[in-house]
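These figures come from a predicted structure and were not determined experimentally.
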Amino acid sequence: MEGGGGSPMLLVLAAQLYAVYSQSPLPLVVNTWPFHSATQAAWKVLSSGGSPLDAVEKGCAQCEVEQCDGTVGYGGSPDESGETTLDAMIMNGNTMKVGAVANLRRIKNAIGVARAVMEHTKHTFLVGESASLFAESMGFVCEDLTTNRSLSIYSKWLDQQCQPNFRTNVTPNPEKSCGPYKPLKPLPESKTTSIQKKVDLRSHDTIGMIAVDRSGFVATGTSTNGASHKIPG
């Protein structure tokens, strides 16, 4: 899944170590970026005796509703075709069970669908149109994820000759054209140049959340609308 938030397993291990060694009392909620409403939503669940899974789902869902930072939820990060799709994951730190979805279409509550994958299937990961159909069968509401904002982002991208994009080794030149593209024969390894990306505070995005209850039980989750102008799928 695109976006920040870190490795799920590392998040679980970090939270478990914190619970063991920290002098701070539990419960605990930690998330990336200053998404205060998400933290408060998760904290309300934990402090009232709810499970870490419930807290993580509630916190990430709050960001999906608020479209946190434009990187979470509907109406953000349109792909090459102008569509917003969602990715999400949730993990039970006690059982290590995971549920995840990617390229989810028409469903706003991606973290809820990820939990449904974990709790109502023997699978870990559902993708694309089939994930959306699964969500609908589980009772999730089918809605348009496009907004005026996402349409504006897409329109400006087209006006800029589709810059930036994720194409490489194609013709016409993806740095100057919107395509359609055809593959070029890849250059020999010795003739390729390394790709250098600027890395700074904004080099990751989305929400990653850890919740730990009073007993030290842990859950983690993440939700994102992925990279802007990504290739569909």
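- Remark: the backbone N or O of G226 is not paired with any side-chain donor or acceptor of T206 at under 3.5 angstrom.
- The two atoms that bring Y181 and N165 nearest to each other are OH-ND2, 3.9 Å, heavy atoms only.
- V65 is not connected to Y74 by any chain of hydrophobic side-chain contacts under 4.5 Å among Ile, Leu, Val, Met, Phe, Trp and Tyr, and they are in different clusters.
- Between M89 and V98, the closest heavy-atom pair is CG-CG1, 3.7 Å.
- We find the CD1-CZ distance between I107 and F140 to be 8.0 Å, quoted to the nearest 0.5 Å.
- The two residues A38 and G59 come nearest to each other via the heavy atoms CB-O, 3.3 Å.
- Taking the side-chain contact (heavy atoms from CB on, under 4.5 Å) definition, one finds that D213 meets it with L46, P52, S215, F217, sequence neighbours left out.
- Within the model, atoms NZ of K230 and CG of D79 stand 5.5 Å from one another, a figure rounded to the nearest 0.5 Å.
- In this structure, CD1 in I207 is found 6.0 Å from SG in C68, a value given to the nearest 0.5 Å.
- Looking only at distances, no side-chain donor or acceptor of K176 sits under 3.5 Å from a matching main-chain atom of N173.
- Cluster membership check: F166 does not share its hydrophobic cluster with V170, using side-chain heavy-atom separations under 4.5 Å among Ile, Leu, Val, Met, Phe, Trp and Tyr.
- Shown here are the salt bridge (charged side-chain N to carboxylate O under 4.0 Å, His left out) partners of R106, two or more places apart in sequence or in another chain: E129, E136.
- The stretch residues 114-123 participates, sequence neighbours left out, in these side-chain hydrogen bond (donor to acceptor under 3.5 Å, both in side chains) pairs: D54-R115, E57-R115, R115-E119.
- Each salt bridge (Lys or Arg N to Asp or Glu O under 4.0 Å) pair with one or both residues in residues 153-171, not counting sequence neighbours, appears once here: E80-R167.
- A distance-only check finds no donor-acceptor pair linking the side chain of S77 to the backbone of T71 [under 3.5 Å].
- Residues forming a salt bridge (charged side-chain N to carboxylate O under 4.0 Å, His left out) with K108 (at least two apart in sequence, or on another chain): E143.
- If you chain together hydrophobic residues whose side chains sit under 4.5 Å apart, V45 and V56 never meet in one group.
- What you find for M138 and A116 is that their closest heavy atoms are CG-CB, 4.4 Å.
- Without hydrogens or angle criteria, Q163 side chain to Q161 main chain gives a donor-acceptor distance under 3.5 Å.
- The backbone N or O of L104 sits nowhere less than 3.5 Å from a side-chain atom of T85 that would complete a donor-acceptor pair.
- Between L86 and G73, the shortest heavy-atom contact is CD2-O, 3.4 Å.
- The OG1 atom of T220 sits 8.0 Å away from the CD1 atom of I90 when rounded to the nearest 0.5 Å.
- No donor-acceptor contact under 3.5 angstrom links the side chains of N225 and T84, judged on distance only.
- Evaluation of the disulfide (SG to SG under 2.5 Å) test over residues 145-179, restricted to residues two or more places apart or in two chains, returns C162-C178.
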key: Full working for side chain to side chain contact (heavy atoms under 4.5 Å, CB included) between V29 and M209   = CA-CA 7 Å; V29 176; M209 178 172 281; 4.2 Å; yes
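- S223 places no side-chain N or O within donor-acceptor distance of the main-chain N or O of I111, the cut-off being under 3.5 Å.
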task = Take I153 and H229, measure what side chain to side chain contact (heavy atoms under 4.5 Å, CB included) needs, and give me the verdict at the end.
result = CA-CA 9 Å; I153 293 171; H229 319 307; 3.8 Å; yes
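- No donor-acceptor distance shorter than 3.5 angstrom exists from the side chain of N103 to the backbone of R105, with no hydrogens or angles considered.
- Nearest heavy-atom pair across R214 and P27 is CG-CD, 3.6 Å.
- With S155 contributing its side chain and S152 its backbone, the two residues share no donor-acceptor pair below 3.5 Å.
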